[in-house]
2 protein chains.
Amino acid sequence: MKGDWTESFLGTRNLPRRVRDKLLHEARVVSYKQGQQVFGPDNIPDSLMFLHAGRIRVSQSSDAGREIVLYRVEAGESCVLTTACMLSEEAYNAEGIAETDVTAITLPKTSFDRLAAEEDSFRGFVFSAYSRRLIDLLRVVDDVAFGRMDVRLAERLLALGEGHSEIQATHQALANELGTAREVVSRILNDFQKRGLILQTRGRITLRNKPQLERLANSA
Amino acid sequence: MKGDWTESFLGTRNLPRRVRDKLLHEARVVSYKQGQQVFGPDNIPDSLMFLHAGRIRVSQSSDAGREIVLYRVEAGESCVLTTACMLSEEAYNAEGIAETDVTAITLPKTSFDRLAAEEDSFRGFVFSAYSRRLIDLLRVVDDVAFGRMDVRLAERLLALGEGHSEIQATHQALANELGTAREVVSRILNDFQKRGLILQTRGRITLRNKPQLERLANSA
DNA sequence: TGCGTTAAGTGACATTGTCACTGAAGAGTG
DNA sequence: CACTCTTCAGTGACAATGTCACTTAACGCA
């Protein structure tokens, strides 16, 4: 049972077996059901988390109830925001929600420190996790500060419809992805529909003209 | 001459003398004049930078020429964005400008790795630098995605006028801080002036009613 | 079938962003 | 000083986005 996910865990990151074994030796396995909150303002973890399976959506929400997705943590990645918070002891109002059922391993801070000291590859893994998130956030800032909403929405639709053309998502959910209001999404989607780019029914969107949507998405 | 800045460098971060000495032994000193670009899309550094004196403004700019300040690096801090970029090999369009004359030390990647392995305090310093930036960026996202422009502008004015009440800044400069357009800043400042909160002359703003500005800034 | 719940539409209005200008203040020069 | 040049700021019209207070539509289910 253990060898099962030992095999796959962090496999893509090329951590040597020795490091993986060390890591697993000190770690605890945790799991969350889809929809559960993994961390949040009232739920600050005291250990470092590495995702084994599933996906976590990290988003930030405003006092007024609006919401924006910052990035997603996929299997094999580490969730550095919790780390960041632990280390800097500052408040933040981001939260992580399990988008699928999730299993992860957590590492107590002391173990984290020791591993980081002893193992170059582990340290590199953590640094590069930080870097990736930093870059993700730069992208979010760029989008929000300078991007047009129709363009961003087109991007999201294409991402969600990759491989197929049917998207299950309410306008509200899309608004929460982009950090805007439902009404804005409705307006833009209605415009898309009038232009023949999509087709809408309750809770579902069909992409009718991907090339055109791509042109729109790339006209940023 | 060396003892001079050895003393002050990273002093506030409580790095032990031994670590400082190691660090300084392998480092090169670099300096920039006020206004010079320290790093940017066409100018990606290949080593890690730690700021000794001065201040660096890190901002991101859009294709359309708009600009937003992400954060500032102060003396004693490290500029992790360059690190992030180095490590993740991804493109980003942020740049760092020396806001004052700047001296910094740079550490080749190999030295960085070794120090991070050998010295807990150095590693902690770097991790916490990352964390702080991550949190800074969360704040920026929050502001841009959910904040009102008048509130954000009031905040900036108060920050710039801390300790005194005279601010030297053009509307364009303030717009670049906040990631908006000059016209928007002009509008809001004119409104502030009508309400008696400030007084404007060319290139200069006088804060006339800080308490009221604070109330506005905190009404986010 | 009717009911309750959730999703989406609507119109009016406020805020912010964009554009194409005009006007005003200071710097330098003869 | 008067004259230019440059930079800074003001303006009005319009577009895009955000907010509010609703209404209408679709679905799930008793």
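Just so we're on the same page: letters track the sequence lines, and every chain starts at 1. Remember, it's a predicted structure, so these values are computed and weren't measured experimentally.
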Student: Take a 6.0 Å sphere around CD of A:Q37 and say whether it holds more than 12 heavy atoms from other residues, nucleotides or ligands.
Tutor: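 Yes.
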Student: To the nearest Å, how far apart are A:D63 CG and D:dG18 C1'?
Tutor: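 Atom-to-atom, A:D63 to D:dG18, this comes out as 16 Å.
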Student: In whole angstroms, how far is the C1' atom of D:dA15 from the CE atom of A:M149?
Tutor: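 The answer, rounded to whole Å, is 15 Å.
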Student: What about B:R202, does its side chain sit under 3.5 Å from the base of D:dT7 through a donor-acceptor pair?
Tutor: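 Answer is yes: a donor-acceptor pair is held.
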Student: Would A:Q200 and A:H171 count as a side-chain hydrogen bond (donor to acceptor under 3.5 Å, both in side chains) here? Give the steps.
Tutor: CA-CA 10 Å; A:Q200 299 181 76; A:H171 293 187; 2.8 Å; yes
Student: Taking atom CD of B:Q36 as the centre, does the number of heavy atoms from other residues, nucleotides or ligands within less than 6.0 Å exceed 12?
Tutor: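 Yes, the 6.0 Å shell around CD holds more than 12 heavy atoms from other groups.
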Student: In this structure, how many angstroms lie between the P atom of C:dT16 and the CZ atom of B:R152, rounded?
Tutor: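 Distance check: B:R152 CZ to C:dT16 P gives 10 Å.
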Student: Do other residues, nucleotides or ligands put more than 12 heavy atoms under 6.0 Å from the CZ atom of A:R55?
Tutor: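 It does: A:R55 CZ has more than 12 such atoms within range.
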Student: Picking from A:R57, A:R152, A:R72, what satisfies salt bridge (charged side-chain N to carboxylate O under 4.0 Å, His left out) with A:E177?
Tutor: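 Of the listed residues A:R57, A:R152, A:R72, the salt bridge (charged side-chain N to carboxylate O under 4.0 Å, His left out) partner of A:E177 is A:R72.
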Student: Which nucleotide wins on minimum distance to the side chain of A:R66, given the candidates D:dG18, D:dA9, C:dT16?
Tutor: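 Out of D:dG18, D:dA9, C:dT16, the nucleotide with an atom closest to A:R66's side chain is D:dG18.
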Student: Please report, rounded to the nearest Å, how far the P atom of D:dC22 is from the CD atom of A:E183.
Tutor: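 Whole-Å distance recorded here is 14 Å.
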Student: Under 4.0 Å: is that the gap between some side-chain N or O of B:T180 and OP1 or OP2 of C:dG17?
Tutor: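 Yes, such a contact exists.
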Student: Which residue, B:G179 or A:A169, contacts DNA chain C at a nucleotide closer to its 5' end, judged by nearest heavy atom?
Tutor: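 The answer here is A:A169.
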Student: Starting from C1' on C:dT15, measure out to CG on B:L153 and report it in whole angstrom.
Tutor: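 Taking CG of B:L153 and C1' of C:dT15, I get 14 Å after rounding.
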Student: Suppose we call a contact any N or O donor and acceptor under 3.5 Å apart; does that hold for the side chain of A:R182 and the base of D:dG18?
Tutor: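 Side chain to base: no pair below 3.5 Å.
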Student: Under 6.0 Å between ring centres, would you say that holds for B:F127 and B:F122?
Tutor: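 They do not qualify: ring centres at least 6.0 Å apart.
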Student: Of all the nucleotides listed (D:dT11, C:dA8, C:dT15), which has the minimum atom distance to the side chain of A:H171?
Tutor: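 For A:H171, the side-chain atoms sit closest to C:dA8.
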Student: Could you check how far CG of A:N176 sits from C1' of C:dA8, rounded to whole Å?
Tutor: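 One finds 15 Å between C1' of C:dA8 and CG of A:N176, rounded.
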Student: Using the rule given for side-chain hydrogen bond (donor to acceptor under 3.5 Å, both in side chains), can you reason through A:S219 versus A:R215, listing the C-alpha separation, both sets of side-chain angles and the distance that settles it, and then say yes or no?
Tutor: CA-CA 6 Å; A:S219 71; A:R215 232 168 301 144; over 6 Å; no
Student: Could you check which of D:dT19, D:dT11, C:dT10 has an atom nearest any side-chain atom of A:A181?
Tutor: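 It is D:dT19.
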Student: May I ask you to list the residues of residues 186-193 of chain B, by number, that have any heavy atom positioned under 4.0 Å from an atom of DNA chain C?
Tutor: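 Output list: B:R187.
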Student: Atom CD of B:Q172 and atom P of C:dG17: how far apart are they, to the nearest Å?
Tutor: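 Rounded to the whole Å, the gap is 13 Å.
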Student: Figure out the CD/C1' separation between B:E67 and C:dG17, and round it to whole Å.
Tutor: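 Distance, rounded to whole Å: 17 Å.
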Student: In terms of the nearest nucleotide of DNA chain D, which residue is placed more toward the 5' end: A:V184 or B:T170?
Tutor: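 Mapping each residue to its closest nucleotide by heavy atoms, the 5'-most match is B:T170.
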